[in-house]
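Data first, discussion second: the structure below is written as structure tokens.
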Amino acid sequence: MPRINDHFLKLKAGYLFPEIGRRVTQFTDSHPEAAEDLIRCGIGDVTEPLPEACRNAIHEAIDELGTRQSFHGYGPEQGYAFLREAIVDHQFPGIGIDADEIFISDGAKCDTGNILDIFGPGNRIAITDPVYPVYVDTNVMAGNTGDCDREGKYQGLLYLPCTSANQFGPEIPANEKIDLIYLCYPNNPTGEAISREQLTAWVTYARKNDSIILYDAAYEAFIQESDLPRSIFEIDGARDCAIEFRSFSKNAGFTGVRCAYTIIPKNLTGKTATGMQEAIHPLWLRRQSTKFNGASYPVQRGAEAVFSRKGRVQVKELTDYYMNNASLLRTACQTAELEVYGGINSPYVWVACPEGVDSWAMFDLMLEKAHVVITPGAGFGAAGEGYFRISAFNSLENVEEVCRRIVRHLG
Ligand SMILES: *Cc1c(COP(=O)(O)O)cnc(C)c1O
């Protein structure tokens, strides 16, 4: 009988979204009249259609596949040059990122998980708390943690709490050397952004301690305030200490189409078991060439169209639409006298539960009273307790109704 990867058995049984699904089904089964009324603001998936520029580009690319002359088989391992060059020109102008440092993939979720393939055992790993669960669970699967304690924390991981007490900015460890740090800004789930000063402090720490920052910028397109960093590579010295993950999922509605990219500077290094410095870039290239065969040609053409003249306008309309939703949700929560965070530079609004209500009790209350599905903060980590997340990924009509219900039931 084959041995299994025992580390999988350490994963918490009650994974957040299945548990939400279970509670919703239980409620709608016993209250069928409420089922029709239910509005889901839980899972962070987009709702609005794919921009026309992207759809046209995908259609055309599929037609190209229809003749021998313009057919495309396996593409280049790192992704097509047309897309990598468009990314450099439009997303990193003057920042010194080379098209060769970009790896196209079918998702930032897989990239943030798969990246652990190229890092060895024994690394000291830090995550923010609350956190995007993928970073934690992939470290558990890779055997980088011990068991889960009663609070839901894995032994061996360093948790950096982000609460209203520190304005949701993780404190930089004073006397501790971390090897890998996951940072995600604008943040999922708190919706808060990181300032240039804070990010600079992290880069300074990482360079001093030979750490690598795994920087997830999946929500970069939602940044509204012009003084905020959009990429970690805007910070001097970040090329020595950072990998950045980006995605077309949230800005351009590609959650179902699948396209993302990861930036690995060529000068970034790690060390071998014997302490020798080795470049990271060739390891990831090798990993991708061996285990991955690229995003499809039509999808990469669709992603390229995000940067076309029409595509840029249409993507801006999409992000504006969701950010207007976020603004309405913030206002409704404030009207209901709830403490509200996020939602200014990201499509997530992070709300403090009323005094004495924990985040799962808040989930049940919103479900039963308002017929609105939110995400309980505790599902993102121990420091998320006492908060809940409302996603602005919804139709305006639904958001307006959610706002009315928040004011009516929580005000
Ligand atoms: C949605 C999201 C992503 C994007 O994942 P894809 O696999 O590209 O769809 C990445 N990171 C975070 C934190 C997210 O919320």
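Whatever order the structure lists ligands and atoms in, that order sets their numbers, starting from 1.
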Distance-only donor-acceptor pairs under 3.5 Å for side chains of residues 34-42, two or more places apart:
residue : atom : partner : partner atom : Å
D37     : OD1  : R405    : NH2          : 3.0
D37     : OD2  : H371    : ND1          : 2.9

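- A salt bridge does not link E101 with K266: every distance from a Lys NZ or Arg NE/NH1/NH2 to an Asp or Glu carboxylate oxygen is 4.0 Å or more.
- Using 4.0 Å as the threshold, F245 has no heavy atom nearer than that to any atom of ligand 1.
- Remark: ligand 1 atoms within the under-4.0 Å shell around heavy atoms of A218 are 3 (C), 10 (C), 11 (N).
- We find that D117 and K291 are joined by a salt bridge, their nearest charged nitrogen and carboxylate oxygen being less than 4.0 Å apart.
- Judged by the 6.0 Å distance and 45° axis criteria, R301 is positioned over the aromatic ring of F82.
- Q224 contributes atom CD, which lies 10.0 Å from atom OG of S346 (distance to the nearest 0.5 angstrom).
- Here T204 contributes atom OG1 and L199 contributes atom CG; the two are 9.5 Å apart, rounded to the nearest 0.5 Å.
- In terms of protein heavy atoms, atom 14 (C) of ligand 1 is closest to K250 NZ, 3.2 Å.
- Within ligand 1, counting atoms from 1 as listed, the ones closer than 4.0 Å to a heavy atom of G107 are 7 (O), 8 (O).
- Counting heavy atoms closer than 4.0 Å to ligand 1, residue Y219 contributes side-chain atoms (C-beta onward) but none from N, CA, C or O.
- Below 4.0 Å from some heavy atom of D216 lie the following atoms of ligand 1, by number and element: 10 (C), 11 (N), 12 (C), 13 (C).
- Looking at atom 9 (O) of ligand 1, its nearest protein heavy atom turns out to be S249 OG, 2.5 Å.
- For ligand 1, the atoms closer than 4.0 angstrom to any heavy atom of R258 are 6 (P), 7 (O), 9 (O).
- Using 4.0 Å as the threshold, C184 has a heavy atom nearer than that to some atom of ligand 1.
- Considering backbone and side-chain atoms alike, Y348 places every N or O at 3.5 Å or more from each N or O of ligand 1.
- Atom CZ in F292 sits 7.0 Å away from atom SG in C110 (nearest 0.5 Å).
- Atoms of ligand 1 found under 4.0 Å from any heavy atom of K109, numbered from 1 in the order shown, are 5 (O), 6 (P), 7 (O).
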Let's go through I125 and Y154 carefully: what are the C-alpha distance in whole Å and the side-chain angles of both, what is the deciding distance for side-chain contact (heavy atoms from CB on, under 4.5 Å) to 0.1 Å, and is it a yes or a no?
CA-CA 11 Å; I125 298 169; Y154 289 95; over 6 Å; no
